[in-house]
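Atoms considered below: every heavy atom in the structure, side chains included; atoms not considered: hydrogens, waters and symmetry mates. Order of the sequence lines sets the chain letters (A, B, ...), proteins ahead of strands, with each chain counted from 1.
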Amino acid sequence: MKTGEMAKLTQLIDNDIFRAYATYATIVLLKMMLMSLVTAYFRITKKAFVNPEDTASFGKGENAKKYLRTDPDVERVRRGHLNDLENIVPFLGIGLLYAFSSPELSTALLHFRIFAGARIIHTFAYLIPLPQPSRGLSWAVGYAVTISMAYKVLKTALYL
Amino acid sequence: MKTGEMAKLTQLIDNDIFRAYATYATIVLLKMMLMSLVTAYFRITKKAFVNPEDTASFGKGENAKKYLRTDPDVERVRRGHLNDLENIVPFLGIGLLYAFSSPELSTALLHFRIFAGARIIHTFAYLIPLPQPSRGLSWAVGYAVTISMAYKVLKTALYL
Amino acid sequence: MKTGEMAKLTQLIDNDIFRAYATYATIVLLKMMLMSLVTAYFRITKKAFVNPEDTASFGKGENAKKYLRTDPDVERVRRGHLNDLENIVPFLGIGLLYAFSSPELSTALLHFRIFAGARIIHTFAYLIPLPQPSRGLSWAVGYAVTISMAYKVLKTALYL
């Protein structure tokens with residue numbers, strides 16, 4: 001690898017818009033990853049498993065089988081996790097392209113910050129749970145931010 | 001941020017192959033996001049919810065509880081949404097790397113257009129639903145396009 | 001498109017760290033895509049379908065309806081597929097940003113190789129299935145690698 005190319009990659013991370021994207025993309029992905037730990041926590045404390053091999057430590061036969069069950073709290077976290085996937089994947093893809101579409105730095109930061117905030121509020125609204133429309137509104141805000149970035153990408157890059 | 005780096009990011013969006021990727025990636029992500037709205041539409045019109053807090057506006061107790069149920073149309077849209085995630089995530093990742101693997105512009109456009117078309121047909125085939133093998137074939141076409149791009153990426157970039 | 005820009009994109013794929021990322025990202029995505037084929041294989045051999053239109057070739061009425069059922073092996077593969085989505089999406093996003101955060105090539109390769117190895121072992125542990133903690137440990141290794149890359153990204157790029 002030539003030094004010039006290494007420098008080129010380094011320069012990208014020196015770009016403020018790309019750095020902001022990197023920061024907020026990493027934050028929302030870490031938040032999404034946290035859902036795995038919350039699911040595991042509830043599966044263990046509620047003793048509600050789905051794979052027979054996961055209950056082997058509880059003994060054999062009927063004794064272990066009774067822990068193969070669904071639990072409302074586990075299912076709630078899993079729905080939150082899936083909702084994250086459905087909304088954070090578009091943010092990752094469209095957000096990266098948006099960072100390359102020459103937005104104003106302040107506008108880009110506004111988009112990234114609102115999206116990350118909305119998804120964090122959405123998680124609390126789902127897990128506590130808060131009464132509606134808390135969850136619905138926080139979902140809609142993240143959705144609208146992604147649409148706004150998609151509009152900018154298509155306006156800048158459209159090539160069909 | 002120095003002006004030179006800003007220019008560098010702007011130049012990437014001036015590259016035709018990257019612009020084509022940005023366009024089609026945004027289109028398929030927007031299509032995937034549409035599935036959330038379709039799910040919400042069927043949940044509301046079919047009165048089929050999964051979270052107790054979502055049925056609070058229908059009253060309390062048994063009156064609200066009867067709307068906590070699964071509906072075949074809602075489940076169908078959700079399966080289509082998950083299938084999108086399973087197939088559009090590989091396209092996003094492999095497609096971006098493919099755009100950097102120096103394909104011919106016309107070949108790249110062919111890949112992106114066929115993938116986007118196949119996923120749009122897949123959605124109609126799933127939601128209407130059309131008789132098989134409509135859904136199976138449209139799924140397979142998108143899958144094959146992604147494999148073809150993966151082959152080009154590995155041929156160009158392989159570094160184990 | 002000017003030749004200079006084409007060259008610029010080509011140079012990115014000449015960077016060893018980016019090439020390593022491209023290689024391992026493509027490998028784990030292809031592995032994830034394989035889960036679709038395994039699901040289809042079990043659905044067909046176990047005759048366990050979820051969409052009425054998929055059983056039309058088995059005849060009409062009750063004769064076809066009996067194949068609309070869940071099968072433990074099919075559900076197991078689907079859980080493995082979803083677990084892939086939950087873990088490979090963060091790797092894709094954080095790994096790309098990590099590749100731009102000037103890691104040592106050897107350190108980057110270590111991260112990518114361990115992640116890909118862990119996810120391949122996770123798949124075997126889930127599908128065979130191997131006794132716990134095989135699946136749990138292979139999941140945790142991939143998770144820890146992603147966290148380590150996220151730490152490097154935030155340390156290098158943090159811009160809130």
Going from [atom1] on [X] to [atom2] on [Y], what distance comes out if it is rounded to the nearest 0.5 angstrom?
{"X": "B/L160", "Y": "C/I27", "atom1": "CG", "atom2": "CD1", "result": "5.0 Å"}
{"X": "B/L97", "Y": "C/T26", "atom1": "CG", "atom2": "OG1", "result": "5.0 Å"}
{"X": "C/M32", "Y": "B/E86", "atom1": "CE", "atom2": "CD", "result": "7.5 Å"}
{"X": "C/L85", "Y": "B/L82", "atom1": "CG", "atom2": "CG", "result": "7.0 Å"}

Does the side chain of [Y] come within less than 4.5 Å of [X]'s, by heavy atoms?
{"X": "B/T146", "Y": "C/L30", "value": "no"}
{"X": "C/T23", "Y": "B/V153", "value": "no"}
{"X": "C/I17", "Y": "B/Y159", "value": "no"}

- Residues in residues 48-55 of chain B that sit under 4.5 Å from chain C, counting heavy atoms only: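 The stretch does not come within 4.5 Å of chain C.
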- Does the C/R19 side chain pair with the main chain of B/L158, one donor and one acceptor, at a distance under 3.5 Å?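 Pair found, side chain donor or acceptor close to backbone of B/L158.
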- Item | chain B contact via C/A56 - which portion, at a heavy-atom distance below 4.5 Å |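 Neither part, no heavy atoms under 4.5 Å.
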- Message: Is C/Y24 close to chain B through its backbone or its side chain, or both, or neither, when contacts mean heavy atoms under 4.5 Å?
- Response: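 Only the side chain of C/Y24 comes within 4.5 Å of chain B.
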- Item | Under 4.5 Å from a heavy atom of chain C, the part of B/Y143 involved |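 Both backbone and side chain.
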- Please flag which part of B/L154 lies under 4.5 Å from any non-hydrogen atom of chain C: side chain, backbone, both or neither.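 Just the side chain, heavy atoms under 4.5 Å.
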Just wondering, more than 12 heavy atoms not from [X] lying within 6.0 Å of its [atom1]?
{"X": "C/R76", "atom1": "CZ", "result": "yes"}
{"X": "B/R43", "atom1": "CZ", "result": "yes"}
{"X": "B/F124", "atom1": "CZ", "result": "no"}

- Largest heavy-atom contact set with chain C, pairs under 4.5 Å, which of B/N83, B/L130, B/L92, B/I94: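 Winner by heavy-atom pair count: B/I94.
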- Highest number of heavy-atom pairs under 4.5 Å with chain B: which of C/D84, C/V89, C/L37?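 The residue among C/D84, C/V89, C/L37 with the greatest pair count is C/L37.
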